[in-house]
Amino acid sequence: VTITALNTSSNASSSETLCINSALSSITHTTTGATGIGTASSLPTGVSAVWSGNTITISGTPTSSGTYNYSIPLTGGCGSVNATGTITVNSPTLAVSISPQNGDYVWQGSVSTDWSNATNWLTYNGSAYVAAGAVPNSVSTKVYVPDYSGGCTTYDPTISGTVSTDNFTITSGAIVTLPLSATLNLSGSLSNSGTLLNDGTINVEGSWGNNGTFTSGASSTVVFNGSSASNQISGTNVFNNLTINGSSGLIVTLQNDATVQGTLAMGTNGKLHLGSKTLTVGTTSSIGNVTGGSASSYIVALDNGANVGKI
């Protein structure tokens, strides 16, 4: 006569609450009778269960948020028994609403400041934010860097190397750092309502809108290298070096007064329209420079008597 022991499972060692993309503290169940487990149901994506030596161990890093009431069937003993428990995975709460489109990348910064770590990124699939699994680096990819609130720790990004995106949006409260050796190529436009700390090079094919804080390091350069006649520079801007050098037809128009502390460089193609605004080159303590220029690259100022552009 063979007598098979009844399956039993203890309660979960803990009911975990954690943030998405954060490692789960292992949850265990002690079993008797069982010789293994079947397929677990309702575990978060990225989390799995294994059985060994009469113990079920649940571990991993969840890449989806929500409340998960899991169930793990025991096998090998007598009776239908499931180990059950709850795992709650939270997402950081956006401090400022954004309106991404399907396929856009959204910085979350759940593990570090490293722009090149795919775990820091989410994508929008048209209805929800999901783990990106990759880093945005395409001239057709739109990127949002938002600020977050709530109980999940998030990090602001630091860009390293050369990164390419389409439109680049920084929301209020968010901070983006571009070190000396970094280059950001934008095939679209910049919209900054947060803080942009630039010590590197930013190449912009579209417009530049700064309604937040823009800090230019002593070696930093912003280059307008597009082809549109409708590019604009708006907001309060103090550039270190500013270069206008794009394709034929490029026109960049000042919407507000601006300052270039170092060198304003006019390239082979591209016009800088001041309108009735003032562009200051240099500072109160140092003389700036205006270099370059050609028959198709020059500065245009308005003068109709009442409104005069100045440099």
Side-chain angles (χ1 to χ4, degrees), residues 12 14-27 39-49 58-72 84-159 163-176 186-194:
S14 61
S15 294
E16 290 294 313
T17 298
L18 71 162
C19 292
I20 190 171
N21 291 326
S22 299
L24 175 71
S25 297
S26 293
I27 300 170
T39 301
S41 61
S42 299
L43 283 175
T45 304
V47 174
S48 60
I58 303 169
S59 62
T61 299
T63 57
S64 57
S65 60
T67 299
Y68 297 87
N69 297 307
Y70 64 84
S71 181
I72 306 168
T84 60
T86 300
I87 300 171
T88 303
V89 183
N90 295 323
S91 287
T93 302
L94 288 168
V96 178
S97 63
I98 58 177
S99 300
Q101 301 299 309
N102 188 28
D104 290 351
Y105 276 72
V106 178
W107 171 266
Q108 186 181 44
S110 58
V111 295
S112 69
T113 63
D114 185 3
W115 178 280
S116 300
N117 187 332
T119 308
N120 283 317
W121 287 98
L122 302 173
T123 54
Y124 188 69
N125 66 8
S127 61
Y129 298 101
V130 297
V135 174
N137 194 15
S138 168
V139 294
S140 61
T141 300
K142 295 178 175 62
V143 169
Y144 291 82
V145 180
D147 188 32
Y148 291 94
S149 60
C152 290
T153 299
T154 58
Y155 300 87
D156 290 307
T158 296
I159 296 173
V163 169
S164 299
T165 78
D166 188 356
N167 292 337
F168 191 92
T169 301
I170 307 168
T171 73
S172 176
I175 302 171
V176 175
L186 303 181
S187 63
S189 298
L190 171 80
S191 176
N192 175 41
S193 297

Close side-chain approach of D114 to T158, heavy-atom, < 4.5 Å: no

Spacing of OH belonging to Y148 relative to OG1 belonging to T153, to within rounding of 0.5 Å: 13.5 Å

Donor-acceptor contact present, side-chain W115 to main-chain W107, <3.5 Å: no

Test log, rule side chain to side chain contact (heavy atoms under 4.5 Å, CB included), inputs T67 and T86: CA-CA 7 Å; T67 299; T86 300; 3.9 Å; yes

Separation of L122 CG from Y105 OH (nearest 0.5 Å): 11.0 Å

Check against side chain to side chain contact (heavy atoms under 4.5 Å, CB included), N117 and V135: CA-CA 7 Å; N117 187 332; V135 174; over 6 Å; no

Heavy-atom side-chain contact between V130 and T45 under 4.5 Å: no

Heavy-atom closest pair, residues F168 and I159: CZ-CD1, 4.5 Å

Where C152 and S91 come nearest, the two heavy atoms and their spacing: SG-C, 4.1 Å

Note, I87 side chain near L43 side chain (heavy atom, < 4.5 Å): yes

Minimum-distance pair of heavy atoms, taken over all atoms of S26 and S59: OG-CB, 3.7 Å

Interatomic distance, T61 atom OG1 to L24 atom CG [nearest 0.5 angstrom]: 8.0 Å

Between CD1 on residue I175 and OG1 on residue T113, distance to nearest 0.5 Å: 11.5 Å

Point-to-point distance, once rounded to the nearest 0.5 Å, from CG of N90 to CD1 of I20: 10.0 Å

Side-chain heavy atoms of N125 within contact of N102, under 4.5 Å: yes

Minimum side-chain heavy-atom gap I27-S14 below 4.5 Å: yes

Distance (rounded to the nearest 0.5 Å) between Y68 OH and E16 CD: 15.0 Å

Exam field: side chain N167 to backbone S189, donor-acceptor pair closer than 3.5 Å: yes

Electrostatic pair K142:D166 at N-O distance under 4.0 angstrom: yes

Non-hydrogen atoms of A174 and V145 that approach each other most closely: CB-O, 3.4 Å

Side chain to side chain, Y129 and P100, heavy atoms closer than 4.5 Å: yes

Between S112 and N120, a side-chain donor and acceptor under 3.5 Å: yes

Closest non-hydrogen atom pair, I98 against L94: CG1-CD1, 4.0 Å

Any donor-acceptor pair under 3.5 Å from D104 side chain to V143 backbone: no

Donor-acceptor pair, side chain of T171 and main chain of D147, under 3.5 angstrom: yes

Where V111 and N21 come nearest, the two heavy atoms and their spacing: CG1-O, 3.6 Å

